[in-house]
Undergrad: 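Could you have a look at this structure, given as structure tokens, before my questions?
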Amino acid sequence: MTHAPAWLSSRVTLALVLAAFTAWGTSDEERVDRQTQAALSMDSHPDRGARTFVRHCGACHGSRAGGDPARDVPRLAGQRFAYLIRQLANFAGGERDSSAMHGVVSRTALRQPQAWVDVAGYLNAMGDAAPAAVGPGIGIGIGTGSAIFRERCASCHGSDAGGDTDGFVPSLRGQHFGYLKIQMRKLAAGRRHNVDADLVRFLSGFDEHEIDATADYLSRLEGPARDRKRMRDDGVVVD
């Protein structure tokens, strides 16, 4: 039996996902915006989200959403509600790259915004996942990472690294060291096309040691941040 190459399967999967959202706008970005807006107006059902997550996401992220540092899979437990929904919409709308995630969000159980809201509600309420994998704590130093974060990152991510007021900027608290490093380097290299260009320019000024120190510091922060879960008609996320 002849099998299609992996790259072709990934493109076919993404094409199917994108086709499912053609009614939501004239561009991927517009469709993602509309999907996010629609999702944040819905009630969340965390119990249902728990079942969906365990069945469709637990194999990679773990049944308790602790991620897998050995495979650079992020910890999702306690992550911001609005941010989680936005990222699921990004994956579904092709605004964020990942062949694995494109495959997951193309499944019937995860195609609709209501499923994203349910899963996000479940993940956001979690706070008892296993501790994150931290960095080595040597070299340029955790203290330096703390100073870098306070001086250069806290204005967007909050002084406690819990994210912004509206909830679309992610919490970086207690994320796996390796995953943080990879994402910061991707951002600095312009390999995350769904982010603001100013952020790319900002992170491109970090050297390798600064990235390592900041990621090490963030990986050691424990506990979720306070969150908000609803969006008003004017786009403001509220309690």
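We count residues from 1, following the sequence as given.
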Undergrad: Is Phe168 close to Thr36 at the side-chain level, that is, under 4.5 Å between some pair of heavy atoms?
TA: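 A side-chain contact exists here, since the closest heavy-atom pair is under 4.5 Å.
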
Undergrad: Identify whether Ile182 and Ile211 are in the same connected component of the hydrophobic contact network (ILVMFWY, side-chain heavy atoms under 4.5 Å).
TA: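 No, no single cluster joins them.
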
Undergrad: Using side-chain heavy atoms (C-beta onward) and a distance below 4.5 Å, is Phe81 in contact with Leu40?
TA: yes

Undergrad: Taking side chain as C-beta onward, heavy atoms only, is Leu172 less than 4.5 Å from Thr214?
TA: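 Heavy-atom side-chain distance check fails, nothing below 4.5 Å.
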
Undergrad: Could you check Arg185 against Leu203 for side-chain contact (heavy atoms from CB on, under 4.5 Å), going step by step and ending with a plain yes or no?
TA: CA-CA 8 Å; Arg185 288 171 178 166; Leu203 283 172; over 6 Å; no

Undergrad: Strictly distance-based, threshold 3.5 Å: is any side-chain N or O of Ser44 a donor or acceptor partner for the main-chain N or O of Val117?
TA: yes

Undergrad: Can you tell me how far CE of Met101 sits from OG of Ser106, rounded to the nearest 0.5 angstrom?
TA: 10.0 Å

Undergrad: Quick one: does Glu210's side chain have a donor or acceptor within less than 3.5 Å of a partner on Asp207's backbone?
TA: yes

Undergrad: Using the side chain to side chain contact (heavy atoms under 4.5 Å, CB included) rule, pick out the option among Val54, Val73, Asp68 that qualifies with His61.
TA: Val73

Undergrad: Return the minimal non-hydrogen interatomic distance between Ala161 and Leu221, and the atom names on each side.
TA: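 Taking every non-hydrogen atom into account, CB-CD1, 3.8 Å.
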
Undergrad: Rounded to the nearest 0.5 Å, what's the gap from SG on Cys156 to CG on Asp198? Could you check?
TA: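 If we round to the nearest 0.5 Å, Cys156:SG and Asp198:CG are 9.5 Å apart.
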
Undergrad: Looking at side-chain heavy atoms only, is the closest gap between Tyr122 and Thr52 below 4.5 Å?
TA: no

Undergrad: Calculate, to the nearest 0.5 Å, the distance between atoms CG and NE2 belonging to Asp216 and His209 respectively.
TA: 13.5 Å

Undergrad: Glu222 side chain to Ala132 main-chain N or O, any donor-acceptor pair under 3.5 Å?
TA: no

Undergrad: Taking only residues two or more places apart in sequence, or in another chain, which ones meet Arg51 in a salt bridge (charged side-chain N to carboxylate O under 4.0 Å, His left out)?
TA: none

Undergrad: Kindly compute the distance separating OG1 (Thr108) from NE2 (His56), expressed to the nearest 0.5 Å.
TA: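 Answer for the OG1-NE2 pair, Thr108 versus His56, is 8.5 Å.
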
Undergrad: Quick check: are there more than 12 heavy atoms from other residues, nucleotides or ligands sitting under 6.0 Å from CZ of Arg55?
TA: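 Counting neighbours around CZ of Arg55, 12 or fewer heavy atoms of other residues, nucleotides or ligands fall under 6.0 Å, so no.
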
Undergrad: Donor-acceptor pair, distance only, cut-off 3.5 Å: does the side chain of Trp116 make one with the backbone of Leu84?
TA: no

Undergrad: Go through the steps for Asp33 and Arg86 under the test side-chain contact (heavy atoms from CB on, under 4.5 Å), then give the verdict.
TA: CA-CA 8 Å; Asp33 287 343; Arg86 178 70 180 189; 2.7 Å; yes

Undergrad: Can you name the closest pair of heavy atoms from Ala115 and Ala109 and give their distance?
TA: CB-O, 3.2 Å

Undergrad: Report the residues that fulfil salt bridge (charged side-chain N to carboxylate O under 4.0 Å, His left out) with Arg96, sequence neighbours left out, ordered by chain and then residue number.
TA: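 Arg96 satisfies salt bridge (charged side-chain N to carboxylate O under 4.0 Å, His left out) with no residue once adjacent residues are dropped.
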
Undergrad: Following the transitive rule for hydrophobic clusters with a side-chain heavy-atom cut-off under 4.5 Å over Ile, Leu, Val, Met, Phe, Trp and Tyr, establish whether Met126 and Tyr83 coincide in one cluster.
TA: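 Unlinked, Met126 and Tyr83 end up in two clusters.
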
Undergrad: Return the set of residues passing side chain to side chain contact (heavy atoms under 4.5 Å, CB included) with Ala100 (not counting sequence neighbours), or none when no residue passes.
TA: Ser98

Undergrad: Any side-chain heavy atom of Cys153 within less than 4.5 Å of one from Phe206?
TA: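 Sidechains of Phe206 and Cys153: in contact.
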
Undergrad: For Asp196, enumerate each residue passing the salt bridge (charged side-chain N to carboxylate O under 4.0 Å, His left out) test, keeping only those at least two apart in sequence or located in another chain.
TA: none

Undergrad: Determine whether Phe202 and Met184 fall in the same hydrophobic cluster, where Ile, Leu, Val, Met, Phe, Trp and Tyr are linked whenever their side-chain heavy atoms lie under 4.5 Å apart.
TA: yes

Undergrad: Indicate the atoms forming the closest heavy-atom contact of Ala65 with Leu123, along with that distance.
TA: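 Ala65 and Leu123 have their closest heavy atoms at CB-CD2, 3.4 Å.
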
Undergrad: Is any side-chain heavy atom of Arg173 closer than 4.5 Å to a side-chain heavy atom of Asp160?
TA: yes

Undergrad: Quick one: list whatever passes salt bridge (charged side-chain N to carboxylate O under 4.0 Å, His left out) with Arg48, sequence neighbours left out.
TA: Asp118

Undergrad: Which atoms form the tightest heavy-atom contact between Ala133 and Pro69, and what is the distance?
TA: CB-CB, 3.6 Å

Undergrad: State, yes or no, whether a side-chain contact exists between Asn90 and Gln87 at a heavy-atom distance under 4.5 Å.
TA: yes

Undergrad: Judged by atom type as modelled, is there a donor-acceptor pair below 3.5 Å linking the side chain of Arg80 to the main-chain atoms of Asp166?
TA: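 Side chain of Arg80 to backbone of Asp166, a donor-acceptor pair under 3.5 Å: no, none is there.
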
Undergrad: Got a second to check how far Leu110's CG is from Phe91's CZ, nearest 0.5 Å?
TA: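 The CG atom of Leu110 sits 12.5 Å away from the CZ atom of Phe91.
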
Undergrad: Could you name each residue pair satisfying ring-ring contact (aromatic ring centres under 6.0 Å, His included) that touches residues 169-189, not counting sequence neighbours?
TA: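 For residues 169-189, and leaving out neighbouring residues, there are no ring-ring contact (aromatic ring centres under 6.0 Å, His included) pairs at all.
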
Undergrad: Phe53 and Ser63: which non-hydrogen atoms are nearest, and at how many Å?
TA: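 Heavy-atom minimum between the residues: CE2-O, 4.1 Å.
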
Undergrad: Donor-acceptor check, side chain of Asp28 to backbone of Glu95, threshold 3.5 angstrom: yes or no?
TA: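 Such a contact is absent between Asp28 side chain and Glu95 backbone.
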
Undergrad: Please report the interatomic distance OG1(Thr144) to CG(Asp212), rounded to the nearest 0.5 Å.
TA: 12.0 Å

Undergrad: Closest approach of Ser219 and Gly135, non-hydrogen atoms and distance?
TA: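 What the structure gives for the nearest pair is OG-N, 3.6 Å.
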
Undergrad: Using only atom types and a distance under 3.5 Å, with no angle test, would you say the side chain of Gln79 pairs donor to acceptor with the backbone of Ser171?
TA: yes

